[in-house]
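Report on the following structure.
Quick note: numbers below take in every heavy atom, side chains included, and nothing from hydrogens, waters or symmetry partners. In this chain, residues are counted from 1 in sequence order.
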Amino acid sequence: MDTRALREFIRLGRFPFLLSGFLPFTAGALLALLLGARFTPVQFLLGYAAMAAAHLSVNYSNDYFDADADRFVETTAISGGSGVLPANPGLKPAALFAAVALMTVSLLIGYAFLTIYAYPAVFLVFGIAGNLLGWFYTAPPIALAYHKLGEVTNMITFGLLMPGAGYFVATGTLDLAFFAFALPLCLYGLVFIVSVEIPDMEGDFAGGKRTLVVRKGRIYGFYLITLAATLATATLLLFALTGAFAPVDFRPVALISVIPLGLALWGFSNRCAGRACALRYATANIMGYFAFQGLVVLYFVLAATQA
């Protein structure tokens, strides 16, 4: 593989998007820490390594199975895949090999984690579920993204699996506190995926993807994003007012949620059906998603240092 091909192969992995999994994983682990769990940095890193390998596997497999559909999509900073395989079809075997190899690595690391820390075997379920959901997100015969289930898959992945794995790494179990915390995260997962779908509507339609935005249109997408962000803020405000996560103060988390909510309302008030116009507001929603996740992690870190 020459230097140019290697660069393109690396670009296929869309490494910057690992942040979308790292942040909820870290938030889950830190919440557990604030609620009394104790774990080591090595324990955290080994647990995340299993999920990161699974996430990378998904990036490679999605581009592989989406190669034909992506011919109709114009790649943007937030959507359309890497755009590598439609221009470099010779890299398809390498992409498939990387996806399978990374999936194997993910499961091996997960097994090593269980062995070292004597955790329940259910931890391996996170790795298996993450890999299977990622693989069949675009892989036939299930191809969830092509059969109206892409949004639900993303909500489960970023609202349950990634933060749940972080929480489990720290505690060895999942409890009601985690599942309550997962509610707004699932809603933000919906904000994320619908925002990604908005600029790709025409290309996804041509490629056979039956996404929610393809079926309902961009205007509906902006309605749904705003509803999800509103419900997420309302849920976090309820946590803050009731002290549901005592001794963790959720008032700052509720305040941070105003960022994605404000951007969602901005997009809703300027909702438009044209691609160029809609891309601007969809991108803002993605920025709001990452801002919320990042600031919550920062707040949890600061709270942990003061505990």
Do [X] and [Y] have side chains that approach each other closer than 4.5 Å (heavy atoms only, starting at C-beta)?
| X | Y | result |
| --- | --- | --- |
| Y64 | N59 | no |
| F15 | L56 | yes |
| F239 | V253 | no |
| F39 | T171 | no |
| N270 | F222 | no |

Determine the sole option in F192, Y188, F17 for which the ring pair (Phe, Tyr, Trp, His ring centres under 6.0 Å) test with Y289 is passed. F192
For F65, which of W135, Y137, Y60, Y146 qualifies under ring pair (Phe, Tyr, Trp, His ring centres under 6.0 Å)?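 Result: among W135, Y137, Y60, Y146, W135 is the only option passing the ring pair (Phe, Tyr, Trp, His ring centres under 6.0 Å) with F65.
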Decide whether [X] and [Y] meet the rule of one side-chain donor and one side-chain acceptor closer than 3.5 Å.
| X | Y | result |
| --- | --- | --- |
| S79 | T76 | yes |
| N88 | R11 | no |
| N131 | S106 | yes |
| Y48 | Q43 | no |

Can you list, pair by pair, the side-chain donor-acceptor contacts under 3.5 Å of residues 274-282, counting residues two or more places apart and other chains?
| residue | atom | partner | partner atom | Å |
| --- | --- | --- | --- | --- |
| R275 | NE | P199 | O | 2.8 |
| R275 | NH2 | E74 | O | 3.1 |

With a 6.0 Å cut-off (strictly less than), is the heavy-atom count around CZ of R251, excluding the residue itself, greater than 12? no
Look at atom CZ of F72 and say whether more than 12 heavy atoms of other residues, nucleotides or ligands are closer to it than 6.0 Å.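 Yes, because the 6.0 Å sphere around CZ of F72 holds more than 12 heavy atoms from other groups.
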Quick test of your reading of the model: are D63 and K92 salt-bridged, counting only N-O distances below 4.0 Å? no
Quick test of your reading of the model: are E197 and K216 salt-bridged, counting only N-O distances below 4.0 Å?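 Judged by the 4.0 Å cut-off on N to carboxylate O distance, E197 and K216 do not form a salt bridge.
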T157 side-chain N/O to N154 backbone N/O, donor-acceptor pair under 3.5 Å: no
Would you name the heavy atoms of L185 and Q293 that are closest together and state the gap between them? CD2-NE2, 4.1 Å
Out of L298, L295, L261, which residue meets the side chain to side chain contact (heavy atoms under 4.5 Å, CB included) rule with I256? L295
